[in-house]
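Chain naming here is simple, since letters A, B, ... match the order of the sequence lines and numbering starts at 1 in each. The structure presented is a predicted model; accordingly, all values stated were derived computationally and were not measured.
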There are 2 protein chains.
Amino acid sequence: MVRITKGPEERRQEIVTTARRLFESEGYEKVTMQRIVEEVGIAKGTVFYYFESKEELLKAVVEDIIEQDYTRKQALVAATGGNGLDKIRTIMQLDSMALKYPKILESLHEISNASMHTQLLAVMVNNEAHLYETLISQGCDEGIFQTDHPLECAEFMIAAMQFLTDTGIYPWDESDLMRRVKAFPSLVEAILKAKPGSFQFMVQGRDWDIK
Amino acid sequence: MVRITKGPEERRQEIVTTARRLFESEGYEKVTMQRIVEEVGIAKGTVFYYFESKEELLKAVVEDIIEQDYTRKQALVAATGGNGLDKIRTIMQLDSMALKYPKILESLHEISNASMHTQLLAVMVNNEAHLYETLISQGCDEGIFQTDHPLECAEFMIAAMQFLTDTGIYPWDESDLMRRVKAFPSLVEAILKAKPGSFQFMVQGRDWDIK
DNA sequence: GTCTATACAGAGATAGAC
DNA sequence: GTCTATCTCTGTATAGAC
């Protein structure tokens, strides 16, 4: 058989990218190592040369997703002007966009995806919380928010909102989703002691109202 | 070989109980069907007669856990007097007890357990939220809380608190856990617009302060 | 250092006898 | 309703070619 040698970083990234695509579209448990190596066009042993196990590969994929997402958001925040609320609005709206598109297949409620989703969620909470913390602190300085625990506020809100709306984690009813998203603004405003209506943007421009 | 026939419900429950014990102590993914049937003392085919797949068996186990937990809490609430806050305190303290003991083995942070934990968490949120909703509404009537969304408040708080403190879901640092739990009272008070200090009991009588 | 090819124990699942 | 026997295919390990 033809032997193709590539630089180690290139090959590694190739595996991660392919695995990510397959995991995202068909679920971690359903995708076999066999399938991955066929798609990449390498031998089975090669994957195990780069990653000790399937779980290690999953970790790498999760890091890949998080890193990409985080970088994009941080750049966006840096490029955005305005007060803390304006900046939070910017990244929150980015989230709602990102949530819609690539989840079509995922939302086939598979328990099989749970390991991947949970890990993703946990790492995301860790990362995003620090981003939000900065913006919440800024808002406190500007007098539009008020809290003694900006980081914990951020973690609390992100964890709850992600968990309660991600249909990849659990097949929530559509009516449950609507109900929850409609309540989010007042909940967030209560936590941050923000002016009523500040977070109303969270339910606007969405299909929640129409359905 | 000896052939033992039992009533279908008895046998089913026997399988669920054994599977639950093994899943809880060693993790869902690590426990094989082979292991389960050996422990129960039946043939492999029998399990597949009762449950279509290993995942179906997991569902049954999760329901078993939730049901037991929910029944106990509901009875406790019914037996407790006082206002909404008193009752919430009662079940919240029950939680912290339940969390401590049977998790010793689980807290070996295994990705393998994620599917089970996530499912458990989601079903628990669904169930407990309704319990808390009643108590929050009662508190609103009594003038000690204030919210337009008692159910969504409940879901939000339960999801966030469980997710951020369950080391079976993700191996959080101990310092993260302490930090978060210490912030919970003021976050919950903000959401429910309760009197400052109302939920201070959440951090008392715990080991958080000592460590 | 990179990679292929192949081997293998053990997993979840199934068919059909009892 | 329960058993045994058996199937397929998985994740993983490894020997050795380039």
key: side chain to side chain contact (heavy atoms under 4.5 Å, CB included) involving T17(B) - partner list, sequence neighbours excluded   = Q13(B)
request  = Examine dT2(D): is either OP1 or OP2 under 4.0 Å from a nitrogen or oxygen in the side chain of Y49(B)? Give yes or no.
outcome  = no
key: For T32(A), all residues meeting side chain to side chain contact (heavy atoms under 4.5 Å, CB included), sequence neighbours excluded   = Q34(A), R35(A)
inquiry  = Does dT2(C) have OP1 or OP2 under 4.0 Å away from a side-chain N or O of R11(A)?
reply    = no
ask   = Base, backbone or nothing for each nucleotide of nucleotides 10-15 of chain D, written B, S, -, heavy atoms under 4.0 angstrom, 5' to 3'?
value = SBB-B-
query = Quick one: salt bridge (Lys or Arg N to Asp or Glu O under 4.0 Å) pairs with a partner in residues 131-140 of chain B, sequence neighbours left out?
reply = none
task = With sequence neighbours left out, write down each residue that passes side chain to side chain contact (heavy atoms under 4.5 Å, CB included) with F199(B), or none if nothing qualifies.
result = L85(B), I88(B), M92(B), F145(B), P185(B), V188(B), E189(B), L192(B), A194(B), F201(B), M202(B)
task = Whole angstrom is fine here: how far is it from CZ in R35(B) over to P in dA9(C)?
result = 21 Å
ask   = Partners of K54(B) by side chain to side chain contact (heavy atoms under 4.5 Å, CB included), sequence neighbours excluded?
value = Y28(B), M33(B)
Tabulate below the donor-acceptor pairs under 3.5 Å that side-chain atoms of residues 147-154 of chain B make, not counting sequence neighbours, or state none.
residue, atom, partner, partner atom, Å
T147(B), OG1, H149(B), N, 3.0
E152(B), OE2, R179(A), NH1, 2.8

key: Y50(A) side-chain N/O to dT2(C) phosphate OP1/OP2 under 4.0 Å   = no
inquiry  = From CD1 of I42(A) over to P of dA17(D), roughly how many Å is that when rounded to an integer?
reply    = 21 Å
ask   = Within this structure, what is the CD-to-C1' distance between E10(B) and dG1(D), rounded to whole angstrom?
value = 14 Å
request  = Check the distance between dT2(C)'s C1' and F51(A)'s CZ and give it to me in whole angstrom.
outcome  = 14 Å
query = Excluding sequence neighbours, so at least two apart, what forms side chain to side chain donor-acceptor pair (under 3.5 Å) with E63(B)?
reply = none
query = What do you reckon, is CD of E67(A) surrounded by more than 12 foreign heavy atoms closer than 6.0 Å?
reply = no
query = If an axis is fit to five pairs at each end of the helix from dG1(C)-dC18(D) to dC18(C)-dG1(D), what is the angle between the two, to the nearest 10°?
reply = 10°
